[in-house]
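Convention: sequence-line order gives letters A, B, ...; per-chain numbering from 1. Owing to the predicted nature of the structure, the values given are computational and were not obtained by experimental measurement.
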2 protein chains.
Amino acid sequence: MTYSIAQAAERSGLSIDTLRYYERIGLVDPPARDSGGRRLYSDNDLAWLGFLTKLRTTGMPIRLMREYAQLRHKGSATAGRRKQILFEHRADVRQRIAELHACLEVLDCKITNYAEIEAKMAGQQLIQEASA
Amino acid sequence: MTYSIAQAAERSGLSIDTLRYYERIGLVDPPARDSGGRRLYSDNDLAWLGFLTKLRTTGMPIRLMREYAQLRHKGSATAGRRKQILFEHRADVRQRIAELHACLEVLDCKITNYAEIEAKMAGQQLIQEASA
DNA sequence: GTAGGAGCTGGAGTGCACTCCAGGTCAAGC
DNA sequence: GCTTGACCTGGAGTGCACTCCAGCTCCTAC
């Protein structure tokens, strides 16, 4: 199964421009081409794009994704380094999740605060209306 | 208690340049100044900076933080909108945490994979050594 | 055969959030 | 009184990750 760049964009959630950009900077291999010179993405290509978007979503910088992509080409001898990259990145992600949770608590606290203010104001309005 | 810009930077975790930048774009109120024209941050200022960094850590864009900051100046009439901003932002943050968790699973899976490959290679090495 | 639409390339432009710089002021210590 | 170091200002520069553009080719459908 092959996909045009438009289909690949839709399935990967990336834009057409981004797909060409990723290719240009060496994040993805140049896909096959049809007789007219148009890109034909394979299921394999899409799987790799899917993995890349996971890395991006989790905030991995592109230069590191590129290092990973290049290691992939050098075969199994680089598996150690690739594993290390993912391992360290996972630790980063976990830490970021923890940070976000901490920030969530602050947000909860603030929101609760606003809700209390609202309740108080609503109460005062009731009192005003009753005494009017 | 007051703080020089260097102290404020250290306590907030922001750089001196960033503090001045935030002031310039209206994210923080211009702090007091000493007789020599130098900034003197108050505990209140630091508390606000602390809250801002929570918002930034959670990915709120600066233009939205600025809207929030400006609403704060307009008094309690804007509390509803401010609450709304935080409320929506909290939903964003929760969603992002969920996304990160999903990505973590993919990472776990990949890392496990690499570990298995390593184990297999180690096994082969043992066999080779034994037969040597 | 021609109009339209998808895709192509190389290169320029964008938005965001800082970050750096030159040239100056000010207060303290020697 | 002079050096030093922290701080000041307005403005320019940076890095990242795209995003857009002009001008072209190719295929399809009428």
Side-chain angles (χ1 to χ4, degrees), chain A residues 2-42 45-46 48-49 51-70 89 92 96 99 103, chain B residues 2-42 45-46 48-49 51-70 89 92 96 99 103:
Chain A
T2 62
Y3 309 87
S4 72
I5 195 167
Q7 289 168 328
E10 191 181 343
R11 289 181 186 239
S12 66
L14 299 166
S15 74
I16 288 175
D17 272 315
T18 300
L19 287 179
R20 286 195 283 242
Y21 166 66
Y22 278 7
E23 183 182 334
R24 203 151 59 196
I25 65 174
L27 255 190
V28 304
D29 299 336
R33 300 281 180 138
D34 69 9
S35 61
R38 292 174 197 175
R39 289 170 179 79
L40 286 181
Y41 291 86
S42 67
D45 292 333
L46 287 196
W48 173 241
L49 284 172
F51 181 57
L52 284 183
T53 60
K54 296 288 181 214
L55 295 181
R56 276 302 298 133
T57 300
T58 49
M60 181 182 284
I62 277 189
R63 65 166 194 294
L64 196 53
M65 302 198 326
R66 200 157 64 184
E67 181 182 349
Y68 187 90
Q70 283 160 5
H89 182 58
D92 285 353
R96 201 132 31 77
E99 261 176 20
C103 293
Chain B
T2 61
Y3 310 87
S4 71
I5 194 165
Q7 290 169 326
E10 190 180 344
R11 289 181 186 240
S12 65
L14 298 166
S15 74
I16 288 175
D17 272 313
T18 299
L19 287 178
R20 287 196 282 243
Y21 165 67
Y22 278 7
E23 182 182 337
R24 202 151 59 195
I25 64 173
L27 254 190
V28 306
D29 299 337
R33 300 280 180 139
D34 70 9
S35 61
R38 292 174 198 177
R39 290 170 180 79
L40 286 179
Y41 290 86
S42 68
D45 291 333
L46 287 196
W48 173 240
L49 283 172
F51 182 56
L52 284 183
T53 59
K54 295 289 181 213
L55 296 181
R56 277 301 298 134
T57 300
T58 49
M60 181 181 284
I62 278 189
R63 66 165 196 294
L64 197 53
M65 302 198 325
R66 199 156 65 184
E67 181 183 347
Y68 187 91
Q70 282 160 4
H89 183 59
D92 284 355
R96 201 130 34 76
E99 263 176 19
C103 293

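For the pair A/Gly36 and B/Leu14, both in contact range of DNA chain C, the more 5′-proximal nearest nucleotide belongs to A/Gly36. If A/Ser35 and A/Tyr21 are placed on DNA chain D by their nearest nucleotide, the residue sitting closer to the 5' end is A/Tyr21.
Distances were taken from every side-chain heavy atom of B/Arg38 (C-beta onward) to each of C/dC8, D/dC8, C/dA12; the shortest belongs to D/dC8.
Salt bridge status for A/Arg56 with B/Glu99: absent, with no side-chain N to carboxylate O gap under 4.0 Å. Residues B/Glu23 and B/Arg66 are not paired through a salt bridge, judged by the lack of any N-O separation under 4.0 Å between the basic side chain and the carboxylate.
Side-chain nitrogen and oxygen atoms of A/Ser4 include at least one within less than 4.0 Å of the OP1 or OP2 phosphate oxygen of C/dG7. Here B/Arg33 does not reach the OP1 or OP2 of C/dC26: none of its side-chain N or O atoms lies under 4.0 Å away. Proximity of B/Arg39 to the phosphate of D/dC8: a side-chain N or O atom is located under 4.0 Å from OP1 or OP2. Applying the 4.0 Å criterion to OP1 and OP2 of D/dC8, one finds that B/Arg20 has a side-chain N or O inside that range. Within the structure, every side-chain polar atom (N or O) of B/Thr18 is placed at least 4.0 Å from both OP1 and OP2 of C/dA17. OP1 and OP2 of D/dC20 both lie 4.0 Å or more from every side-chain N or O belonging to A/Ser15. Taking only side-chain nitrogens and oxygens, A/Tyr22 never comes nearer than 4.0 Å to OP1 or OP2 of D/dA17.
Per the geometry, CG belonging to B/Asp17 stands 15 Å off P belonging to D/dA6, to the nearest Å. We find that CG of A/Leu52 is positioned 13 Å from P of D/dA17, with the value rounded to whole Å. Taking atom CE on A/Met65 and atom P on D/dC18, their separation rounds to 7 Å, with Å as the unit. When the C1' atom of C/dG10 is taken as reference, atom CZ of A/Arg24 falls 7 Å away, rounded to whole Å. Distance B/Tyr41 OH to D/dC7 P: 10 Å, rounded to the nearest Å. What separates CD1 of A/Ile25 from C1' of D/dC16 is a distance of 10 Å, to the nearest Å. Following rounding to the nearest Å, A/Glu23 (CD) and C/dG7 (P) show an atom-to-atom distance of 14 Å. Taking atom CD1 of residue B/Ile16 and atom P of nucleotide D/dT9, one finds them 13 Å apart after rounding to whole Å.
Nucleic acid contact for B/Arg56: sugar-phosphate only, since backbone atoms but no base atoms lie under 4.0 Å from a heavy atom of the residue.
Not a single donor-acceptor pair, N or O on each side, falls under 3.5 Å between the base of C/dC16 and the side chain of B/Arg63.
By the 6.0 Å contact criterion, CD on A/Glu10 is open, its count of non-hydrogen atoms from other residues, nucleotides or ligands being 12 or less.
For the pair A/His89 and A/Gly59, the tightest heavy-atom approach, listed with the atom from each and the gap, is CE1-C, 4.3 Å. Taking every heavy atom of both residues into account, A/Leu46 and A/Tyr41 meet most closely at CD2-CB, 4.5 Å.
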